[in-house]
Protein chains: 2
Amino acid sequence: MSQPINMIRTNQELLQLIEQLPGMQQHTVKPGQKLFRQDEKARHLYVIKQGIVKCYITEENTKDYILEFFGEGEVMGELELLTGSPILSTVEAVTELVVYKADSAHFLQLLETNATLNKLILKELATRVSQLAIRVSYQQLYPIEYTLLKLLSLFSYQELPLSKKDLADYLAITVRSLNRTLKQLREKNFIPGDGLDIHLSKTELDKLLKRFDDE
Amino acid sequence: MSQPINMIRTNQELLQLIEQLPGMQQHTVKPGQKLFRQDEKARHLYVIKQGIVKCYITEENTKDYILEFFGEGEVMGELELLTGSPILSTVEAVTELVVYKADSAHFLQLLETNATLNKLILKELATRVSQLAIRVSYQQLYPIEYTLLKLLSLFSYQELPLSKKDLADYLAITVRSLNRTLKQLREKNFIPGDGLDIHLSKTELDKLLKRFDDE
DNA sequence: AAAAAGATAGGACATTTGTCCCAGCCCATT
DNA sequence: AATGGGCTGGGACAAATGTCCTATCTTTTT
């Protein structure tokens, strides 16, 4: 079932490869700034050298769904380049960011000439499909309580400047629901029944939850 | 926002290419039979020549989530081949099926030598990520009523042997909820408020819904 | 310093969705 | 003809989640 999905996805292999390529421009981006805006046309391709971004889709009813958090080595802009569609999701810096930037034509050419890169991209895309599918299935088929618990166990050790809103958008729930569920977890000495692949002691859980009290 | 997502995905370009390759074995599969079983190891790769399959993830609580319906020209087994992970989702024939079969090594080699194939697979994967993301976001951020409506407008014209259970699993709801929502749509002279990209006349809607009364 | 904006927390209530259950129908196999 | 299984339809109730709102606190802007 569950390979350890990290909440923040990274791709060290790809990063290493990119760093060896000649002539890659480097840029820094401030938290809150956007690398891509949904529905626009993608003109470049970025690879994260350092920092974290969030990718989210905004629906017409103004609600957001956070698709992914990307960290070191993740590519952005390939989807649009490959399919020719407008940008799928807004990409916004969560932390201070350093990225490599390439223009589309260059990347497309590299894809054809650099077999290693080609393979890494294929693998990356396959991974994205799988991970997204796994997450979605889980989110849809389990109550929030379980999903949240699973999420906590994943990102606990990562010091992340995520707001509750972000967390809620990632879970596709409202902040109200998130709060409620956190409270339940605190109180209810939560015991995952049925078949569940989450196994946390009460102590560990408490530690995870404490992050929300303090900060 | 929404490129016309078809409920059943196809890839004619890929099919044409595959049909030209020498030495592709052909197999037929009966409805209900499984090409892949979740969590097992993938040994082959299939491309659909004719018919429809459903791909679904079964969670430990026995609930299913239907990831995709695939029709002509869609590949199955590439994800696992590329990532090396166990099979993501069970793949089951919905209709009588004719597939091309290739073993993994052969396909991997083709990916390296056949630039056209390589490009088509890249594009296919990118499309899957995008489409899945769009669907999921929609499903999570709109009430069932909207999602169902959207779905109906997509698959209405396709004659499909889908059970209510299938439809429900695709929407990640229970059959009970599906029935309830269908009923609401029938009665409520549904008027999508807010921002919604579904535009159906009452007449069209009725026609769509009638499929469920008759059959 | 004051004001505005945003994030957090949670009460009260409405709506949505799930669970459990029963009943009817169709179809295949006995 | 009879039995069982699977699909369908929906009632009654419980649980989960959203909406709306109020209040506090922090941060940013003026």
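Each chain gets a letter, A, B and so on, in the order its sequence line appears, and its residues count up from 1.
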Legend entry - Euclidean distance, atom NZ of residue A:Lys164 to atom P of C:dA9 [Å, nearest integer]: 4 Å
Inset, instruction - List in chain and number order the residues that pass ring pair (Phe, Tyr, Trp, His ring centres under 6.0 Å) with A:Tyr46, two or more places apart in sequence or in another chain; answer none if no residue qualifies. - result: A:Phe36
Inset, instruction - Output yes when B:Glu92 and B:Lys30 qualify as a salt bridge under the 4.0 Å nitrogen-oxygen rule, no when they do not. - result: no
Legend entry - A:Phe69: partners by ring pair (Phe, Tyr, Trp, His ring centres under 6.0 Å), with sequence neighbours left out: A:Tyr170
Inset, instruction - Decide whether B:Glu124 and B:Asn11 meet the rule of one side-chain donor and one side-chain acceptor closer than 3.5 Å. - result: yes
Inset, instruction - Starting at atom OH of B:Tyr146, determine the distance to atom C1' of D:dG18, rounded to an integer number of angstrom. - result: 14 Å
Inset, instruction - Could you check how far CD1 of A:Ile144 sits from P of D:dA15, rounded to whole Å? - result: 16 Å
Legend entry - Closest nucleotide among D:dT8, C:dT8, C:dG18 to the B:Ser163 side chain: D:dT8
Inset, instruction - Could you name each residue pair satisfying salt bridge (Lys or Arg N to Asp or Glu O under 4.0 Å) that touches residues 44-54 of chain A, not counting sequence neighbours? - result: A:Glu19-A:Lys49, A:Lys54-A:Asp166
Legend entry - Phosphate contact (C:dA9 OP1 or OP2) by A:Asn179 side-chain N/O below 4.0 Å: yes
Legend entry - B:Lys101: partners by salt bridge (Lys or Arg N to Asp or Glu O under 4.0 Å), with sequence neighbours left out: none
Inset, instruction - Take atom CD of A:Gln139 and atom C1' of D:dA16, then tell me their distance rounded to the nearest Å. - result: 16 Å
Legend entry - Atom-to-atom span, CG of B:Leu162 to P of D:dC7 - whole angstrom: 13 Å
Legend entry - Short side-chain N/O contact from B:Lys165 to OP1 or OP2 of D:dG6, under 4.0 Å: no
Inset, instruction - May I ask you to decide if A:Leu81's main-chain N or O and A:Ser104's side chain share a donor-acceptor pair within less than 3.5 Å? - result: no
Inset, instruction - Work out which heavy atom in B:Ala168 is nearest to a heavy atom in B:Leu178; give both atom names and the distance. - result: N-CD2, 4.0 Å
Inset, instruction - Report yes if a side-chain nitrogen or oxygen of B:Thr174 is closer than 4.0 Å to either non-bridging phosphate oxygen (OP1 or OP2) of C:dG18; otherwise report no. - result: yes
Inset, instruction - Check the distance between D:dT17's P and B:Glu145's CD and give it to me in whole angstrom. - result: 19 Å
Inset, instruction - Measure from CG on B:Leu141 to C1' on D:dT19 and round the result to the nearest Å. - result: 16 Å
Inset, instruction - Apply salt bridge (Lys or Arg N to Asp or Glu O under 4.0 Å) to B:Glu40 and B:Lys34, showing your working. - result: CA-CA 12 Å; B:Glu40 291 185 358; B:Lys34 293 170 183 172; over 6 Å; no
Inset, instruction - To the nearest 10°, let me know how far the axis at one end of the helix from C:dA1-D:dT30 to C:dT30-D:dA1 is tilted from the axis at the other, five pairs an end. - result: 40°
Inset, instruction - Please state how far atom CG in B:Leu178 lies from atom C1' in C:dT19, giving the value in whole angstrom units. - result: 16 Å
With the criterion being N/O to N/O and under 3.5 Å, what pairs connect the protein with nucleotides 11-13 of chain C, and how long is each?
unit_1 : atom_1 : unit_2   : atom_2 : d
C:dG11 : N7     : A:Arg176 : NH2    : 3.1
C:dG11 : O6     : A:Arg176 : NE     : 3.0

Legend entry - Any A:Lys63 side-chain N or O less than 4.0 Å from OP1/OP2 of D:dG18: no
